[in-house]
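One structure below.
Hydrogens, waters and symmetry mates play no part in the numbers below; they use all other heavy atoms, side chains included. Sequential numbering from 1 along the given sequence is applied to the chain's residues.
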Amino acid sequence: MIGDSMENREMLLPKEMELLVEFMKVQKKYSGSNTEFCERYNEYAGQAVSARGLKRLMNLWEYRLADFGVRFRSHRSNGARLLEIEYSFSAGDESAVGDG
């Protein structure tokens with residue numbers, strides 16, 4: 001198993017992250033609290049993922065999400081945890097995905 005994962009570095013996204021990409025294709029952009037974003041995601045995805053769990057997955061898969069056009073930034077403001085997330089694909093990126 002270790003050999004397979006080392007040779008196949010193209011890792012597939014877990015279902016939650018696939019749904020996040022699809023959600024962001026619809027949402028396009030979000031700026032606000034992690035909790036509110038998670039509530040919107042859960043409603044869209046029909047899931048019950050906690051805000052903390054979703055954020056951990058996003059951090060773990062940050063670079064692969066970027067490959068799919070989803071980029072995010074987390075920060076604190078006045079003690080609140082805020083999230084800025086957006087979906088964008090340039091024409092060059094989208095054609096590369098279609099060719100693959």
Is [Y] reachable from [X] through a run of hydrophobic residues whose side-chain heavy atoms are each under 4.5 Å from the next?
X: L82; Y: F72; value: no
X: M24; Y: L19; value: yes
X: W61; Y: Y63; value: no

Does S33 have any side chain to side chain donor-acceptor pair (under 3.5 Å) partners at least two apart in sequence or in another chain, and if so, which?
none
List the residues meeting side chain to side chain donor-acceptor pair (under 3.5 Å) with R40, not counting sequence neighbours, and say none if there are none.
E36
Are T35 and R81 close enough, and set up right, to give a side-chain contact (heavy atoms from CB on, under 4.5 Å), and what steps lead you there?
CA-CA 9 Å; T35 303; R81 294 180 188 187; over 6 Å; no
Would you please test I85 and M58 for side-chain contact (heavy atoms from CB on, under 4.5 Å) and show each step?
CA-CA 11 Å; I85 184 169; M58 289 170 62; 3.7 Å; yes
Tell me whether the centres of the aromatic rings in F37 and F23 are closer together than 6.0 Å.
yes
Supply the atom-to-atom distance [X] [atom1] to [Y] [atom2], rounded to the nearest 0.5 angstrom.
X: E16; Y: E18; atom1: CD; atom2: CD; answer: 9.5 Å
X: K55; Y: S74; atom1: NZ; atom2: OG; answer: 2.0 Å
X: E86; Y: E84; atom1: CD; atom2: CD; answer: 9.0 Å

Could you go through residues 43-54 and list every donor-acceptor pair under 3.5 Å that involves a side-chain atom there, pairing it with any protein atom two or more places apart or in another chain?
| unit_1 | atom_1 | unit_2 | atom_2 | d |
| --- | --- | --- | --- | --- |
| S50 | OG | G53 | N | 2.9 |

For K15, I'd like to know if atom NZ has over 12 heavy atoms of other residues, nucleotides or ligands within 6.0 Å.
no
Let's go through R64 and D67 carefully: what are the C-alpha distance in whole Å and the side-chain angles of both, what is the deciding distance for side-chain contact (heavy atoms from CB on, under 4.5 Å) to 0.1 Å, and is it a yes or a no?
CA-CA 5 Å; R64 288 296 291 143; D67 291 342; 2.9 Å; yes
Side chains of L20 and M17: closer than 4.5 Å at any heavy-atom pair?
yes
